[in-house]
Visitor: 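One structure follows; several queries about it will come next.
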Amino acid sequence: QVQLVESGGGLVQPGESLRLSCAASGRIYSIDAMGWYRQAPGKQRDLVAAITSGGSTNYADSVKGRFTISRDNAKNTVYLQMNSLKPEDTAVYYCNADVWGTTFRSNYWGQGTQVTVSS
């Protein structure tokens, strides 16, 4: 099977930065799109940023210009650099990946990592 392991969350003050990482491991032939989603208390889970295997990116309007998604295909790892953090960025951030095995593609979620932005 495939596991997505996240790290980098924590508590920061407004205006500060965090860098999240998510490493995929297991039975992986290749990975197509990878992305980051977030879910605040009482809210639904929404897309933050996504990146294809070729490096094409897509961002939610609320994070454009502040967040940057990137990936290292050799390490099966995706990153989310979060700058100029705001209190409204507070949420559990989840990694997501479309992973190819031998003959078919499956979608996987990480366990989530808490990001709290507060004074």
Side-chain angles (χ1 to χ4, degrees):
Q1 258 304 322
V2 173
Q3 298 83 41
L4 304 180
V5 180
E6 304 170 0
S7 62
L11 172 64
V12 297
Q13 295 183 341
E16 295 183 340
S17 299
L18 281 174
R19 188 191 189 213
L20 307 182
S21 64
C22 171
S25 62
R27 299 181 62 182
I28 300 170
Y29 178 78
S30 65
I31 303 178
D32 285 341
M34 303 185 80
W36 290 94
Y37 293 71
R38 67 186 181 188
Q39 186 170 24
K43 304 290 183 63
Q44 66 180 36
R45 188 175 301 183
D46 293 324
L47 175 70
V48 177
I51 184 168
T52 68
S53 60
S56 179
T57 59
N58 185 43
Y59 297 92
D61 288 341
S62 59
V63 307
K64 286 181 179 177
R66 300 188 298 120
F67 291 9
T68 302
I69 189 170
S70 61
R71 64 191 287 171
D72 185 335
N73 291 331
K75 297 180 179 179
N76 289 329
T77 299
V78 63
Y79 306 94
L80 186 67
Q81 179 66 46
M82 304 184 294
N83 298 328
S84 301
L85 282 162
K86 304 175 180 179
E88 51 262 45
D89 295 319
T90 296
V92 177
Y93 284 70
Y94 296 91
C95 178
N96 181 266
D98 293 321
V99 181
W100 277 98
T102 303
T103 59
F104 62 93
R105 184 175 66 184
S106 297
N107 184 261
Y108 295 90
W109 289 96
Q111 80 286 351
T113 184
Q114 177 71 48
V115 172
T116 302
V117 185
S118 176
S119 298

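In this text the structure is predicted, and so the values were computed from the model without any measurement.
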Visitor: Is there a side-chain contact between Leu18 and Val115 (heavy atoms, below 4.5 Å)?
Guide: yes
Visitor: What about Val48 and Val12, same hydrophobic cluster or not, with Ile/Leu/Val/Met/Phe/Trp/Tyr joined at side-chain heavy-atom distances under 4.5 Å?
Guide: yes
Visitor: Side-chain contact test, heavy atoms from C-beta onward, threshold under 4.5 Å: evaluate it for Asn83 versus Phe67 and give yes or no.
Guide: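 They are not in side-chain contact.
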Visitor: Going by atom types only, do Thr116 and Thr90 share a side-chain donor-acceptor pair under 3.5 Å?
Guide: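 Absent: no donor and acceptor within the cut-off.
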Visitor: Quick check for you: to the nearest 0.5 Å, what is the distance between Thr68 atom OG1 and Arg19 atom CZ?
Guide: 11.0 Å
Visitor: Measuring from atom CD of Gln13 to atom OG of Ser119, what distance do you get when rounded to the nearest 0.5 angstrom?
Guide: 6.0 Å
Visitor: What heavy-atom pair brings Gly112 and Tyr94 nearest, and what distance separates the two atoms?
Guide: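 Where Gly112 meets Tyr94 most closely, the heavy atoms are CA-CD2, 3.5 Å.
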Visitor: Provide the full list of salt bridge (Lys or Arg N to Asp or Glu O under 4.0 Å) pairs with a residue in residues 100-119, sequence neighbours left out, each pair given once.
Guide: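 Counting only pairs at least two positions apart or across chains, the salt bridge (Lys or Arg N to Asp or Glu O under 4.0 Å) contacts touching residues 100-119 are Asp32-Arg105.
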Visitor: How far does CD1 of Ile51 sit from OH of Tyr79, to the nearest 0.5 angstrom?
Guide: 11.5 Å
Visitor: If you round to the nearest 0.5 Å, how far is CG of Asn58 from CG of Leu47?
Guide: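 Leu47 atom CG to Asn58 atom CG measures 6.0 Å (nearest 0.5 Å).
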Visitor: Who are the side-chain hydrogen bond (donor to acceptor under 3.5 Å, both in side chains) partners of Ser62, not counting sequence neighbours?
Guide: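 Expected list: Arg38.
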Visitor: By the salt bridge (Lys or Arg N to Asp or Glu O under 4.0 Å) test, which pairs, at least two apart or in different chains, include something from residues 106-119?
Guide: none
Visitor: Could you report the tightest heavy-atom contact between Ser53 and Ile31, atom names first, then the distance?
Guide: CB-O, 3.6 Å
Visitor: Apply the test side chain to side chain contact (heavy atoms under 4.5 Å, CB included) to residues Tyr93 and Met82: give CA-CA distance (whole Å), side-chain angles for both, the deciding distance (0.1 Å), then the verdict.
Guide: CA-CA 12 Å; Tyr93 284 70; Met82 304 184 294; 3.9 Å; yes
Visitor: Compare every heavy atom of Cys22 with every heavy atom of Leu4, then report the nearest pair and how far apart it is.
Guide: CB-SG, 3.8 Å
Visitor: Hey, could you give me each pair passing salt bridge (Lys or Arg N to Asp or Glu O under 4.0 Å) that has a residue in residues 9-18? Not counting sequence neighbours.
Guide: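 Every candidate salt bridge (Lys or Arg N to Asp or Glu O under 4.0 Å) pair involving residues 9-18 fails, so no pair, neighbours aside, qualifies.
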Visitor: Taking side chain as C-beta onward, heavy atoms only, is Tyr59 less than 4.5 Å from Ile69?
Guide: yes
Visitor: Counting C-beta onward and ignoring hydrogens, is there a side-chain heavy-atom pair between Trp36 and Leu20 closer than 4.5 Å?
Guide: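 With C-beta onward as the side chain, the pair touches.
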Visitor: Are Ile28 and Val2 side-chain neighbours, meaning at least one heavy-atom pair lies under 4.5 Å?
Guide: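 Yes, at least one pair of side-chain atoms sits under 4.5 Å.
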Visitor: Could you report the tightest heavy-atom contact between Lys43 and Gln39, atom names first, then the distance?
Guide: O-NE2, 3.0 Å
Visitor: Go through Tyr108 and Gln3 one step at a time and tell me if the side-chain hydrogen bond (donor to acceptor under 3.5 Å, both in side chains) criterion holds.
Guide: CA-CA 7 Å; Tyr108 295 90; Gln3 298 83 41; over 6 Å; no
Visitor: Under 6.0 Å between ring centres: does that hold for Tyr37 and Trp109?
Guide: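 That pair passes the under 6.0 Å test.
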Visitor: If I compare all heavy atoms of Ala40 with all of Ala91, which pair ends up nearest, and what's the gap?
Guide: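 Looks like N-CB, 3.8 Å.
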Visitor: Tell me, do Ser118 and Pro87 make a side-chain contact under 4.5 Å, heavy atoms counted?
Guide: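 No. Closest side-chain heavy atoms not under 4.5 Å.
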Visitor: For residues 63-73, which residue pairs qualify under salt bridge (Lys or Arg N to Asp or Glu O under 4.0 Å), counting only residues two or more places apart or in two chains?
Guide: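 Applying salt bridge (Lys or Arg N to Asp or Glu O under 4.0 Å) to every pair that reaches into residues 63-73, excluding sequence neighbours, yields Asp61-Lys64, Arg66-Asp89.
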Visitor: Determine whether Lys75 and Asn73 satisfy the following criterion, side chain to side chain contact (heavy atoms under 4.5 Å, CB included), listing intermediate values before the conclusion.
Guide: CA-CA 5 Å; Lys75 297 180 179 179; Asn73 291 331; over 6 Å; no
Visitor: Which value, rounded to the nearest 0.5 Å, describes the distance between Leu80 atom CG and Met34 atom CE?
Guide: 12.0 Å
Visitor: With sequence neighbours excluded, tell me which residues meet side-chain hydrogen bond (donor to acceptor under 3.5 Å, both in side chains) with Ser70.
Guide: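 Scan of Ser70 (side-chain hydrogen bond (donor to acceptor under 3.5 Å, both in side chains), adjacent residues dropped) gives none.
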Visitor: Should Gln111 and Glu6 count as side-chain neighbours, where that means a heavy-atom distance under 4.5 Å?
Guide: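 They are in side-chain contact.
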Visitor: Taking side chain as C-beta onward, heavy atoms only, is Val78 less than 4.5 Å from Cys95?
Guide: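 Side-chain contact under 4.5 Å: yes.
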